[in-house]
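Residue indices begin at 1 and follow the sequence shown. This is a predicted model, so every value here is computed, not measured.
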Amino acid sequence: MPGKSLSERIADFGRRLAVEAHAAWLAARDPRTPWPARLIALAAAAYALSPIDLVPDFIPVLGWIDDLILVPAGLILVRRLIPRALWSEFHAVAAAASKHPSSRAGMAMVLLAWAAILYIVYWSVRVAPVH
């Protein structure tokens with residue numbers, strides 16, 4: 001990819017990873033997918049698409065290493081467990097969907113999930129008032 005800056009290459013990688021994760025999500029929900037592949041696809045897609053990580057992204061270096069290793073490794077394993085023709089079908093649907101605007105309902109669900117987590121954390125750690 002001569003001529004592309006590092007930030008453009010990273011953005012391209014991120015887009016490709018998002019399409020792969022979406023294809024894995026589609027595979028996990030399709031009954032034609034073998035069950036071991038469905039389980040791994042579900043785990044890989046959920047981890048890739050979830051805003052919650054094993055190691056939070058704000059931790060320098062370590063926060064991104066888990067995303068750069070776990071997600072691609074899970075997606076590679078899923079691709080190997082699913083017949084090539086079936087994976088091509090899932091990938092085509094995911095690639096077509098990536099060209100459309102993001103779902104506002106999906107964004108709302110993620111924001112509501114974060115709000116619920118913050119609410120629970122706040123109420124579980126807040127300090128009782130001193131009298």
Kindly write out the residues that satisfy side chain to side chain donor-acceptor pair (under 3.5 Å) with Ser7, not counting sequence neighbours, or none if the list is empty. Ser5
Applying salt bridge (Lys or Arg N to Asp or Glu O under 4.0 Å) as the test, list every pair that has at least one member in residues 26-38; sequence neighbours left out. Asp30-Arg32, Arg32-Glu89
Quick one: list whatever passes side-chain contact (heavy atoms from CB on, under 4.5 Å) with Leu6, sequence neighbours left out. Arg9, Ile10
Could you pull out all residues at least two apart from Ala94 that satisfy side-chain contact (heavy atoms from CB on, under 4.5 Å)? Val19, His22, Ala23, Leu26
On a heavy-atom basis, which atom in Ala27 and which in Thr33 lie closest, and how many Å separate them? O-OG1, 2.8 Å
Extract all donor-acceptor atom pairs below 3.5 Å that involve side chains of residues 76-88 and protein atoms in other chains or at least two apart in sequence.
| unit_1 | atom_1 | unit_2 | atom_2 | d |
| --- | --- | --- | --- | --- |
| Ser88 | OG | Arg84 | O | 3.0 |

Tyr119 reachable from Met109 in the ILVMFWY side-chain graph, under 4.5 Å edges: no
Does Ile117 share a hydrophobic cluster with Val125, counting links as ILVMFWY side-chain heavy atoms below 4.5 Å and allowing steps through other members? yes
Rest of the hydrophobic cluster containing Trp35 (Ile/Leu/Val/Met/Phe/Trp/Tyr, side-chain heavy atoms under 4.5 Å)? Leu39
Leu70 CG to Leu75 CG distance, which is reported to the nearest 0.5 Å: 10.5 Å
